[in-house]
Chemist: 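Attaching a single structure in structure tokens format; questions to follow.
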Amino acid sequence: MSIWEYANPKKFMQTTGFLLPWVSGLAGLTLAVGLIWGYFFTPDADKFASTVKIIYLHVPAAMMAISAWTMMLVTSLIWLIRRHHVSALAAKAAAPVGLVFTVIGLVTGAIWGQPMWGTWWAWDPRLTAFLILALFYLGYIALWAAVENPDTAADLTSVLAIVGSVFAFLSRYAVLFWNQGLHQGASLSLDKEENVADVYWFPLLVCITGFVLLFVALVLARTRTEIRARRLQALIARERVA
Amino acid sequence: MIALLIRDLRLAIRAGGGFGLGLAFFLLVAVIVPLGVGPEPATLAKIAPGILWVGALLSCLLSLDRIFALDFEDGSLDLLATSPVPMEGAVAVKALAHWLVTGLPLVLAAPVLGVLLNLPVQGYLWLVISLALGTPALSIIGAFGAALTVGLKRGGLLMSLLVLPLYMPTLIFGAEVVKRGAAGMAVGTPLALLAAITAGALALLPFAAAAAIRVNLR
Amino acid sequence: MIALLIRDLRLAIRAGGGFGLGLAFFLLVAVIVPLGVGPEPATLAKIAPGILWVGALLSCLLSLDRIFALDFEDGSLDLLATSPVPMEGAVAVKALAHWLVTGLPLVLAAPVLGVLLNLPVQGYLWLVISLALGTPALSIIGAFGAALTVGLKRGGLLMSLLVLPLYMPTLIFGAEVVKRGAAGMAVGTPLALLAAITAGALALLPFAAAAAIRVNLR
Amino acid sequence: MMPDLGKYAEAVIWSYVSTIGLLLGVVVLSVWQGRRVKRSLEEVEARHEESDA
Amino acid sequence: MTLLSVQDLAVARAGVPVLQGVGFALEPGRALVLRGPNGIGKTTLLRTVAGLQPPLAGHVEAAPDSVTYAAHSDGVKSTLTVAENLTFWAQVFGTDAVATAMARMNLRDLADRRAANLSAGQKRRLGLARLLVSGRAVWVMDEPTASLDVDSVQLFGAVVRDLLAAGGAALIATHIDLGLEAEVLDLTPFKARKVSQGGVRSAFDEAFT
Amino acid sequence: MTLLSVQDLAVARAGVPVLQGVGFALEPGRALVLRGPNGIGKTTLLRTVAGLQPPLAGHVEAAPDSVTYAAHSDGVKSTLTVAENLTFWAQVFGTDAVATAMARMNLRDLADRRAANLSAGQKRRLGLARLLVSGRAVWVMDEPTASLDVDSVQLFGAVVRDLLAAGGAALIATHIDLGLEAEVLDLTPFKARKVSQGGVRSAFDEAFT
Ligand code: HEM
Ligand SMILES: Nc1ncnc2c1ncn2[C@@H]1O[C@H](COP(=O)(O)OP(=O)(O)OP(=O)(O)O)[C@@H](O)[C@H]1O
Ligand SMILES: Nc1ncnc2c1ncn2[C@@H]1O[C@H](COP(=O)(O)OP(=O)(O)OP(=O)(O)O)[C@@H](O)[C@H]1O
Ligand SMILES: [Mg+2]
Ligand SMILES: [Mg+2]
């Protein structure tokens with residue numbers, strides 16, 4: 001049995017129908033643990049004072065915003081190559097979630113910027129690239145909304161996701177070139193570098209896991225909705241023909 | 001007339017998110033200008049009032065061709081002209097629909113974009129007020145331009161050329177209000193002039209636009 | 001293919017002065033920005049490279065919907081798709097026609113507008129070079145955006161939303177070349193990157209655009 | 001129990017409020033859409049079974 | 001009582017006279033079919049009668065707000081549904097005949113379909129249903145049955161007969177037979193002549209001599 | 001030798017199956033007229049045959065580059081003259097039959113007229129002349145005679161007869177009689193059925209069960 005069996009809508013509905021409650025529960029639990037730990041039980045940092053607590057929201061959201069786009073790119077490619085409907089619908093389902101994560105990243109960043117840099121917004125390369133990513137999300141969602149025929153929309157948005165990824169990547173490097181910024185460099189990586197102390201690192205890790213699980217749960221739920229909506233549309237159209 | 005307003009709003013929303021798109025374009029202008037000009041906050045703060053107004057103006061401009069061209073192409077305009085609705089009223093209603101879909105969201109979203117362009121804090125209120133006063137003029141002047149070019153296939157660029165000079169006074173006074181407001185100076189004079197332009201345009205241009213449409217139809 | 005090029009050029013010129021309009025819009029942007037921003041020469045000189053590039057980009061954008069939408073509406077695109085011309089070739093030729101009508105005149109006229117915006121003298125040469133290198137990318141990226149939205153009635157605003165983010169790297173490098181040139185700094189790196197973007201876009205995007213059109217026609 | 005947030009309390013609280021608000025927003029929206037679509041699909045499927053039988 | 005009367009009318013397209021000396025009158029209950037080869041000027045004549053363009057010479061007389069016009073293109077909004085399209089026109093004309101109009105033109109099954117998803121003939125039926133909701137007495141129609149199938153042409157014939165029975169009138173330009181008992185006016189003899197042979201002069205000619 | 005053959009074809013519009021089980025073959029010199037009420041799916045079928053949309057099931061076989069399609073809309077550029085319009089298509093298809101095509105469709109007097117200034121029927125004649133300059137052997141036409149007058153319909157009939165005599169073939173969807181000796185295929189029996197009654201499934205349905 002191959003992984004592609006899950007690309008069958010019926011099989012997908014069965015499997016995820018079973019998985020979804022577990023994933024959602026786990027996501028809620030992890031998030032609650034991580035956020036409560038971060039908010040109530042971590043000390044202030046020297047440079048950041050109490051604002052360090054924003055990191056538990058900002059960093060996971062920013063990471064997931066990028067990961068969500070990557071996931072959409074992959075599912076779009078799968079749709080273009082193998083024509084599995086579930087794949088296209090999963091990309092469609094993920095886009096609004098990704099956009100919300102992007103907005104969270106932007107909003108928490110802006111709120112954090114006010115005390116730290118004395119400004120809500122600066123044209124820092126990372127921030128700018130992030131704003132551009134938000135624009136790509138908007139365009140992608142708008143294109144899905146504007147095209148009526150679902151297969152046409154899936155094809156067009158997939159092409160957009162691929163071309164858009166290339167240009168989003170280019171923009172990322174272009175803005176680096178254009179301005180040296182205020183923003184933190186990459187100081188986190190999964191094998192934990194020295195400049196983040198354990199007190200912040202563990203709750204952050206829990207929060208990141210929580211965001212990942214939340215993303216998975218939301219995408220599964222929304223993909224199920226999209227599949228049902230698709231079937232609904234087909235049935236209604238068929239009623240009209242008959 | 002109300003039927004026409006409802007129809008135009010419905011069409012704008014169905015055609016893929018009327019409200020959202022004008023806004024998104026406004027946002028895009030606020031992003032591409034710093035990308036072109038460079039990121040220094042001081043420079044940006046200086047040009048912010050002007051750029052925000054230019055952005056509002058352009059996102060109005062881009063949606064103008066919806067006002068009449070679609071109705072012309074599918075024949076609705078012919079039918080409207082032979083219907084009991086007076087053409088002047090139809091023009092006014094269509095300009096109103098355009099403003100509700102384009103101008104109003106801009107007014108509401110402008111403060112957020114002010115943040116992106118480092119607009120000084122005192123400027124926000126005046127930005128919103130000047131846009132609220134000025135964008136109706138943009139819509140009705142635009143409707144007039146659209147009426148002049150309605151028979152031409154994709155007259156978009158030509159229309160921009162006709163409309164932009166007409167937009168200049170509105171732009172100048174609008175940006176001036178924000179600039180003075182941001183610098184903490186008195187804004188009375190430009191604000192009054194802006195209001196006068198809007199009132200005058202609203203009172204007179206529907207007639208000119210209706211005449212232009214009648215000429216273009218025959 | 002050459003027939004298609006000639007036809008597109010002829011259509012652009014007949015439809016009310018193809019060449020002139022893009023230019024005129026560029027000129028208008030160069031005029032309204034000082035009006036909005038205010039007249040200080042130092043500020044203008046600072047923002048000139050960016051504004052000129054933004055103007056070029058917007059006047060490209062405004063004429064994009066001509067590339068395919070007209071042909072779609074009157075059925076020519078259906079007929080082209082069943083003709084012996086490969087769609088990829090048609091896309092490339094149409095982007096070329098768009099560039100000849102919009103990009104090329106901008107390149108030639110840019111120095112004049114530099115004067116309006118107080119661009120420092122050393123910048124002129126780099127302005128022309130960067131536009132000459134960058135505007136072909138704008139045309140072909142725009143053709144891709146137009147292909148995505150070709151089935152939608154008046155998709156103009158949606159197209160802008162899709163296309164503008166794609167324009168950003170070109171804009172950044174283009175404006176950077178002029179800025180550095182005007183400041184008398186070395187321009188090698190951004191110029192090379194600009195050229196790379198143009199070359200890559202020209203090599204790959206016709207295929208993506210042709211695929212999008214085929215999807216939109218069915 | 002409540003941590004002392006010092007002079008940055010506003011920033012921290014606002015970021016938590018906005019984040020949780022936005023997250024709840026998508027969650028509620030997704031659940032609501034899911035319910036609505038599921039209900040109408042069940043209606044239509046029931047109708048279909050009737051007419052097929 | 002005459003619903004529509006046209007006297008010695010000359011019409012021009014793009015400034016070029018195409019027809020001259022056209023005259024007819026429509027009494028209640030009468031239909032007039034205009035015939036003539038392609039390009040003779042039927043569309044131009046109908047647009048003039050509908051008041052969309054001024055006549056070059058002569059007069060068109062009709063009671064105010066009594067004429068409604070159906071052109072080649074239907075004025076159908078493709079993003080609105082069939083019912084929404086009709087409701088809009090009913091509101092504009094201040095009538096409430098949407099349901100009956102849909103029933104008469106066999107559109108009931110399509111009421112909630114977006115107009116973009118109609119076939120050519122279905123769209124045409126929608127365009128004709130608009131005439132029914134206008135509540136006007138004089139229908140001026142340009143090739144109303146293009147792309148309609150045989151049944152729909154009969155449906156349309158019945159609708160026009162009802163209009164006439166109710167005291168309305170119809171002016172129809174068409175190339176095919178509608179199965180209506182209507183007078184026929186062939187426009188070929190009215191083709192505009194050269195000025196030297198008694199043709200009308202345009203305002204510019206007039207001023208020039 | 002068969003110029004165009006269609007086997008067990010099912011076509012869909014906007015994802016909804018409209019016709020299924022359609023099959024026919026066109027030998028050189030034969031014309032096939034498709035009939036059926038409005039909305040049965042003629043346009044959809046022709047677009048599928050022309051290769052503009054993929055079939056839902058079944059096959060369309062034709063020699064490469066042998067089919068040319070004429071839709072409801074003519075693809076006429078209104079700012080170009082009649083001659084320029086035709087010359088463009090002649091160059092695209094690599095032929096040089098512009099003069100003969102204009103002569104055949106009675107367009108010579110209009111050669112230098114901008115297409116925007118043509119009447120509905122004249123524009124249609126121009127659209128049909130494009131088929132002549134394509135030099136292709138199989139013509140697929142959707143209501144080619146809409147808004148043509150009687151003489152022009154005969155002119156068109158003669159042109160199609162010449163095509164057939166030269167070994168070509170024609171597939172025509174129409175509601176009116178063209179005066180051609182052609183086979184007629186009524187599409188009514190091929191209307192798509194419900195899945196429960198043996199209808200085709202769309203790709204998504206297929207996956208769902
Ligand atoms: C609107 C403003 C901001 C945006 C859009 C933004 C965006 C981002 C992004 C995209 C990341 C990268 C996540 C990843 O790649 O894994 C990130 C990480 C981070 N941001 Fe921000 N940020 C903003 C403001 C701020 C501010 C004001 C601060 C604090 C002074 C800050 C602190 C951090 C930190 C500490 C990280 C983790 C860096 C790492 O180790 O990778 N951010 N932010
Ligand atoms: N600029 C022009 N110069 C000369 N003749 C013109 C010009 N513009 C239009 N015409 C002619 O005016 C005539 C009137 O066209 P009109 O559309 O009224 O014809 P019609 O009777 O409706 O034809 P059809 O049956 O084909 O619809 C046509 O012969 C057309 O060629
Ligand atoms: N989204 C949709 N849902 C259901 N049916 C649809 C949808 N879109 C189109 N249809 C139907 O598909 C059918 C096929 O239309 P098509 O244009 O092929 O018909 P046609 O035979 O060419 O008709 P005509 O003679 O009127 O031109 C029509 O009945 C139309 O209503
Ligand atoms: Mg006509
Ligand atoms: Mg059809």
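Hydrogens, waters and symmetry mates are skipped; everything else that's a heavy atom, side chains included, is used. Just so it is clear: chains get the letters A, B, ... in the order the sequence lines come, proteins before strands, and each one is counted from 1.
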Chemist: Side chain, backbone, both or neither: which part of C/Leu148 has a heavy atom under 4.5 Å from chain A?
Modeler: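 Both parts, heavy atoms under 4.5 Å.
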Chemist: So does C/Phe207 have more than 12 non-hydrogen atoms from other groups sitting under 6.0 Å from CZ?
Modeler: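 Count not over threshold, so no.
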Chemist: May I have the step-by-step check of side-chain contact (heavy atoms from CB on, under 4.5 Å) for C/Arg218 and A/Asp151, ending in yes or no?
Modeler: CA-CA 10 Å; C/Arg218 68 174 191 233; A/Asp151 280 359; 4.3 Å; yes
Chemist: Answer with side chain, backbone, both or neither: which region of C/Ile172 has an atom nearer than 4.5 Å to a non-hydrogen atom of chain A?
Modeler: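 Looking at C/Ile172, just its side chain touches chain A.
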Chemist: Would C/Arg214 and A/Asp155 pass as an ion pair if we require N to O under 4.0 Å?
Modeler: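 No, this pair does not count.
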Chemist: Measure distances from C/Tyr167 to the heavy atoms of chain A and classify the residue's part below 4.5 Å as side chain, backbone, both or neither.
Modeler: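 For C/Tyr167, neither part sits under 4.5 Å from chain A.
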Chemist: For chain C, which residues of residues 156-164 of chain A have at least one non-hydrogen atom nearer than 4.5 Å to it?
Modeler: A/Leu156, A/Val159, A/Leu160, A/Val163, A/Gly164
Chemist: With a 4.5 Å heavy-atom cut-off, do A/Tyr173 and C/Leu193 have their side chains touching?
Modeler: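 Side chain of A/Tyr173 against side chain of C/Leu193, heavy atoms only: no contact under 4.5 Å found.
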Chemist: Is any side-chain heavy atom of A/Leu135 closer than 4.5 Å to one of C/Leu164?
Modeler: no
Chemist: Is there side-chain contact between C/Pro165 and A/Phe167, with at least one heavy-atom pair below 4.5 Å?
Modeler: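 Side chain of C/Pro165 against side chain of A/Phe167, heavy atoms only: no contact under 4.5 Å found.
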Chemist: To the closest 0.5 Å, what do you measure between OH (A/Tyr140) and CG (C/Leu162)?
Modeler: 12.0 Å
Chemist: Is chain A contacted by the side chain of C/Ile141, its backbone, both, or neither, given a heavy-atom distance below 4.5 Å?
Modeler: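 Looking at C/Ile141, just its side chain touches chain A.
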Chemist: Using non-hydrogen atoms only, which part of C/Leu204 is less than 4.5 Å away from chain A: side chain, backbone, both, or neither?
Modeler: neither
Chemist: How close do C/Leu161 and A/Ala142 get, heavy atom to heavy atom, and via which atoms?
Modeler: CD2-CB, 4.0 Å
